[in-house]
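Everything on this sheet refers to the single structure shown next.
Counting starts at 1 for both ligands and their atoms, following the listed order. Values below: every heavy atom of this structure, side chains too, minus hydrogens, waters and symmetry copies.
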Amino acid sequence: MKTLVLIDNDPLTRALLAQCLSGGGWRVLECDTGDAGFDLVQEHRPNAVICDLRTPKGNGFKVCRRIREEPQLQKTRVVLTSVSRFGNDRDTALAVGADDYLVKPIMPSELLATLAKSEHSAEPAPSPPKVAKGPVVLRFWGVRGSIPTPGHETAAFGGNTSCVEMRVGDDVIILDAGSGIRGLGKALMRESKGEPMNIAMLVTHTHWDHIQGFPFFIPAYNPKVNVRILGYEGAVHGLRGALFEQMQSAFFPIGLNQMASHVTFEELEDMQFDLGAAKVRTIFSNHPGICLGYRLSTAKGDVVYMPDHEAYERHEVERQKTAGETSQPGLDYARSQDEKVIEFLRAADVMIADSQYDRVEYPTRLGWGHTCADDTVDLAIRAQVKQLFLFHHDPDHDDAKIEAMAAEGQARAKEQGSDLVVSAAREGGEFRLGS
Ligand SMILES: [Zn+2]
Ligand SMILES: [Zn+2]
């Protein structure tokens with residue numbers, strides 16, 4: 001016999017639901033608080049749980065979240081119930097992992113029907129093609145760091161935050177979802193002409209300038225579009241939560257769960273994986289929280305995307321200066337970390353990298369997780385990168401300043417006898433690898 005734990009503070013509701021469920025062939029275990037209900041769930045591992053949202057000592061959201069955290073309870077169907085008709089409560093219930101949300105009074109037929117549904121009814125979306133033909137194309141939709149900066153002073157390089165489109169044959173890969181993704185979304189919809197589309201999105205981290213455009217990404221509202229969002233281990237929970245929270249009703253009128261498309265989150269456990277026709281390697285950046293850099297290897301060349309990173313050696317040198325200390329082991333360690341980054345970058349065809357500050361600004365922004373442009377250029381030279389795009393431009397840098405930083409970077413490469421090409425990433429700019 002299938003077992004169900006029924007958690008509801010109202011005895012009359014419990015009695016009515018229990019009667020209906022018994023008639024439907026369920027063994028029902030009743031409880032009137034969230035905490036006691038969760039104990040019953042752990043003890044009996046039921047097939048299903050019905051829990052009212054407004055339950056004392058552990059509300060329905062909390063109970064559901066705790067159930068979803070238990071690996072052995074993944075198959076338990078969770079139905080949250082409430083008198084609340086607010087769409088936001090329903091969205092939150094689904095976001096914390098509930099399979100369904102029923103508004104009271106609950107009809108017996110409705111209850112039995114929802115319990116009969118399969119655990120996860122979402123259809124798997126078609127997988128993207130694996131064969132890449134044609135060039136690898138990079139397009140810059142957002143090149144700014146920290147906050148969008150529209151205005152005539154930034155019009156040439158653009159004011160939108162981080163978003164880069166990468167085409168590997170037919171594969172559409174998006175690097176970060178800053179405000180630039182809005183324009184990209186519109187372009188993709190024009191291109192698709194109503195046909196199904198697969199999109200993969202690699203997000204480096206959940207700082208706002210890398211996710212704030214996602215609620216405005218139109219393809220995610222289209223039922224014919226499949227959006228795979230990939231991130232590393234714990235970061236992906238943070239990502240889902242961050243995307244969900246920025247779309248809660250206090251901040252945005254449409255919830256993440258109202259997006260019509262297949263939006264899936266994939267937790268990566270390895271630092272390397274295949275993404276369509278690209279092979280992806282990752283590295284942890286020197287940046288607050290969990291932040292990744294990506295290297296995408298394709299038949300036409302390798303692209304590294306590392307938008308938020310503070311080079312280790314200068315960080316340590318300036319830190320020691322500020323602290324009035326001298327530590328050779330500290331310096332040696334920092335240099336060894338830079339070496340790891342250089343190995344990661346080795347001989348890449350394109351490097352899109354953090355270069356937010358110049359050498360004068362850097363000491364006043366020490367430990368903010370961003371690099372002095374001199375170091376970005378030096379890392380690229382040492383790694384024998386071919387093309388460097390300075391990226392994550394500071395909101396206080398106008399077009400003239402960015403132009404000057406790119407020219408300085410190019411001169412620096414020449415001085416060192418390097419063939420490195422240095423440019424500043426420009427919104428609307430395109431770069432091709434292969435033909
Ligand atoms: Zn950033
Ligand atoms: Zn950041």
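When you scan the N, O or S atoms of His287 for the one nearest the Zn ion (ligand 2), you land on NE2. Atom ND1 is the N, O or S atom of His207 at the shortest distance from the Zn ion (ligand 2). As for Asp308, its N/O/S atom nearest the Zn ion (ligand 1) is the one called OD2.
The distance from the Zn ion (ligand 1) to the nearest N/O/S atom of His210 is under 2.8 Å. Note on Cys291: not counted as a metal contact of the Zn ion (ligand 2), no N/O/S atom lying under 2.8 Å.
Rounding to the nearest 10°, we obtain 90° for the angle at the Zn ion (ligand 1) between Asp209 OD2 and His392 NE2.
The main-chain N or O of Tyr294 is never found under 3.5 Å from a side-chain atom of Thr282 such that the two would form a donor-acceptor pair. No donor-acceptor pair under 3.5 Å is formed between the side chain of His392 and the backbone N or O of Gln356. For the pair Thr76 (side chain) and Pro46 (backbone), a donor-acceptor distance under 3.5 Å is present. Distance alone, capped at 3.5 Å, places no donor-acceptor pair between the Glu313 side chain and the Asp338 backbone.
For the pair Tyr312 and Ser285, the tightest heavy-atom approach, listed with the atom from each and the gap, is OH-C, 4.2 Å.
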